[in-house]
*Asks:* 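Could you have a look at this structure, given as structure tokens, before my questions?
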Amino acid sequence: MVRWSSSYLSVFLALLVMLVLQTAAIGRPRLGSKRPARPLVMNEISESAPDNLVLAKMPAIVNSDKYFNIKSTKRRLKANVNPISDCKSQTFKEELNLLRSKVKCKPRLVVVHLESTTTSTLMPNSVLVKRCDGMCSSTHKCIANVTRDQIFYVREIKNNLVSCSSVIVSEDVSCTCDCPQRATDCKVNQDYDKDRCRCICKNEKDYEKCHDKRKKRNMYYWDDKECSCFCLKEKVCTTGTVWNRKHCRCISESQP
């Protein structure tokens, strides 16, 4: 009986060892297999972490509208208008009000490129300032009614020499929807049109004559600022002749 008990005990221990080994093998990754990576948390990124892990999180911060609202150029876009069936839906009203609030006339950050008045180069050659922009009704435009000067410190490079300099750039503080031209901007030969927010030339007959001359000979154009008819091009005349702006050609000096 004792011999059989020892045999059973040996078998039991052998089975127990095999069970322990199999359990350990299940928890160990197999060769060539990939364990699912744990999601990366920003607070857990340390200086010893690979660079690609840090950069993977950067675009979400850098491109966030919370920090930057930048535009480089002002463009006009021809949009395809697609009518919808329900203008009274809550979704339409909410989206419309949201768009209006976003494009309202107010100071916005823009990139302003700097150019030196001399032959020197400025580094950086661009700064961020606020300029008025946004939607206004009718012929009104978004213009500034309060401005201030901002000082920026830059490096000036000239003749391979680098020096520290400062530049002053005007920045818009508050905006309003108003006419871009006012009555005080009009000249003696102009009247102010409130409906069109612009100065209109008084000499309409001269404008009609210039328009008729342009039809006959495409050599004239009307200047709304000067309220006068001018030649498209002026030529250098030969000896004995002078340029006549009325006829847009060279005539003899003796010719009246």
Side-chain angles (χ1 to χ4, degrees), residues 61-81 87 90-118 120-156 164-204 206-207 221-228 230:
I61 298 176
V62 175
N63 297 332
S64 174
D65 291 337
K66 181 180 179 181
Y67 299 96
F68 297 96
N69 181 19
I70 305 171
K71 66 176 185 178
S72 56
T73 56
K74 189 174 181 180
R75 298 180 180 179
R76 292 184 179 271
L77 175 67
K78 291 184 178 180
N80 294 324
V81 181
C87 294
Q90 188 65 23
T91 302
F92 178 81
K93 293 179 181 179
E94 290 177 356
E95 291 293 333
L96 181 62
N97 292 333
L98 179 61
L99 179 60
R100 284 176 175 172
S101 64
K102 287 184 177 181
V103 299
K104 66 181 296 186
C105 176
K106 65 179 182 180
R108 303 173 189 273
L109 279 174
V110 299
V111 176
V112 175
H113 299 284
L114 303 176
E115 290 186 3
S116 176
T117 54
T118 63
S120 62
T121 302
L122 302 179
M123 292 297 293
N125 60 358
S126 300
V127 295
L128 275 175
V129 293
K130 289 184 177 180
R131 293 290 167 87
C132 290
D133 192 14
M135 183 188 71
C136 292
S137 59
S138 186
T139 54
H140 289 179
K141 291 186 177 181
C142 185
I143 58 177
N145 53 7
V146 178
T147 61
R148 66 183 175 190
D149 290 337
Q150 285 278 61
I151 299 177
F152 296 93
Y153 297 98
V154 297
R155 293 185 183 276
E156 186 178 11
C164 300
S165 304
S166 64
V167 294
I168 299 177
V169 181
S170 177
E171 182 177 58
D172 298 339
V173 178
S174 64
C175 313
T176 184
C177 289
D178 203 350
C179 294
Q181 275 191 331
R182 302 188 180 183
T184 53
D185 298 328
C186 297
K187 298 182 179 180
V188 180
N189 54 352
Q190 293 177 329
D191 290 327
Y192 188 70
D193 190 335
K194 293 182 179 180
D195 296 332
R196 291 190 283 179
C197 286
R198 56 181 296 188
C199 299
I200 306 297
C201 297
K202 296 179 181 179
N203 51 342
E204 295 183 2
D206 292 337
Y207 168 77
Y221 75 95
W222 180 260
D223 191 327
D224 286 324
K225 294 182 179 180
E226 299 295 332
C227 295
S228 182
F230 292 98

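Everything quoted here is computed from the prediction, not taken from an experiment. All residue numbers in this chain count up from 1 along the given sequence.
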*Asks:* Below 4.5 Å, heavy atoms only, C-beta onward: do Ser137 and Cys177 meet side chain to side chain?
*Replies:* no

*Asks:* Could you give me the CA-CA distance, side-chain angles and deciding distance for Asn189 and Cys227, then say whether side-chain contact (heavy atoms from CB on, under 4.5 Å) is met?
*Replies:* CA-CA 7 Å; Asn189 54 352; Cys227 295; 3.4 Å; yes

*Asks:* Any chance you could measure Tyr207, atom OH, to Ser228, atom OG, to the nearest 0.5 Å?
*Replies:* 14.0 Å

*Asks:* State, yes or no, whether a side-chain contact exists between Val110 and Val112 at a heavy-atom distance under 4.5 Å.
*Replies:* yes

*Asks:* Distance check, rounded to the nearest 0.5 Å: Glu115 atom CD versus Thr121 atom OG1?
*Replies:* 11.0 Å

*Asks:* Between Lys202 (side chain only) and Val188 (backbone N and O only), is there a donor and an acceptor less than 3.5 Å apart?
*Replies:* yes

*Asks:* Mind listing the closest non-hydrogen atom pair of Thr139 and Cys197 along with its distance?
*Replies:* OG1-SG, 3.4 Å

*Asks:* Step through the shown structure and confirm whether more than 12 heavy atoms of other residues, nucleotides or ligands are within 6.0 Å of CD1 on Ile151.
*Replies:* no

*Asks:* Measure the shortest side-chain to side-chain distance between Leu114 and Val127 over non-hydrogen atoms and say whether it is less than 4.5 angstrom.
*Replies:* yes

*Asks:* With sequence neighbours left out, what residues match Glu156 under salt bridge (Lys or Arg N to Asp or Glu O under 4.0 Å)?
*Replies:* none

*Asks:* Measure SG to SG for Cys132 and Cys105 and state whether it is below 2.5 Å.
*Replies:* no

*Asks:* State the CE-OG distance between Met135 and Ser101, to the nearest 0.5 angstrom.
*Replies:* 10.0 Å

*Asks:* Are Val129 and Leu109 packed together at the side-chain level, in the sense that at least one heavy-atom pair is separated by less than 4.5 angstrom?
*Replies:* no

*Asks:* Just by distance, do the side chain of Ser116 and the backbone of Thr118 share a donor-acceptor pair under 3.5 Å?
*Replies:* yes

*Asks:* After noting the C-alpha distance and the side-chain angles of Phe92 and Gln90, does the key distance pass the side-chain contact (heavy atoms from CB on, under 4.5 Å) rule?
*Replies:* CA-CA 5 Å; Phe92 178 81; Gln90 188 65 23; over 6 Å; no

*Asks:* Between Glu94 (side chain only) and Thr91 (backbone N and O only), is there a donor and an acceptor less than 3.5 Å apart?
*Replies:* no

*Asks:* Below 4.5 Å, heavy atoms only, C-beta onward: do Glu171 and Arg131 meet side chain to side chain?
*Replies:* no

*Asks:* Just jot down the side-chain contact (heavy atoms from CB on, under 4.5 Å) partners of Asp195, sequence neighbours excluded, or say none.
*Replies:* Asp193

*Asks:* Who pairs with Lys104 by salt bridge (Lys or Arg N to Asp or Glu O under 4.0 Å), at least two apart in sequence or on another chain?
*Replies:* none

*Asks:* Heavy atoms only: give me the nearest Trp222-Asn203 pair and the separation to one decimal.
*Replies:* CH2-ND2, 3.7 Å

*Asks:* On a heavy-atom basis, which atom in Lys187 and which in Lys225 lie closest, and how many Å separate them?
*Replies:* NZ-O, 3.5 Å

*Asks:* If you look at every heavy atom in His140 and Cys136, which pair is closest and at what distance?
*Replies:* O-CB, 3.5 Å

*Asks:* Any side-chain heavy-atom pair from Asn97 and Arg100 closer than 4.5 angstrom?
*Replies:* yes

*Asks:* Taking the side chain as C-beta and beyond, is there a heavy-atom pair between Gln181 and Cys199 under 4.5 Å?
*Replies:* yes

*Asks:* Run the side-chain contact (heavy atoms from CB on, under 4.5 Å) check on Phe152 and Ile168 step by step: do they pass?
*Replies:* CA-CA 6 Å; Phe152 296 93; Ile168 299 177; over 6 Å; no

*Asks:* Starting from the C-alpha separation in whole Å, work towards a yes-or-no answer on side chain to side chain donor-acceptor pair (under 3.5 Å) for Asn145 and Ser174.
*Replies:* CA-CA 6 Å; Asn145 53 7; Ser174 64; 2.5 Å; yes

*Asks:* Are there over 12 heavy-atom neighbours, none belonging to Phe230, within less than 6.0 Å of that residue's CZ?
*Replies:* yes

*Asks:* After noting the C-alpha distance and the side-chain angles of Asp224 and Ile200, does the key distance pass the side-chain contact (heavy atoms from CB on, under 4.5 Å) rule?
*Replies:* CA-CA 8 Å; Asp224 286 324; Ile200 306 297; over 6 Å; no

*Asks:* Start with the C-alpha gap between Cys142 and Cys175, add the side-chain angles, then the distance that decides, and say whether disulfide bond (SG atoms under 2.5 Å apart) holds.
*Replies:* CA-CA 6 Å; Cys142 185; Cys175 313; 4.5 Å; no

*Asks:* Any heavy-atom pair between the side chains of Val154 and Ser166 that's under 4.5 Å?
*Replies:* no

*Asks:* Working to the nearest 0.5 Å, report the span between SG of Cys179 and CZ of Arg198.
*Replies:* 12.0 Å

*Asks:* Quick check against the 3.5 Å criterion: does Asp185 have a side-chain atom that pairs as donor or acceptor with the backbone of Arg182?
*Replies:* yes

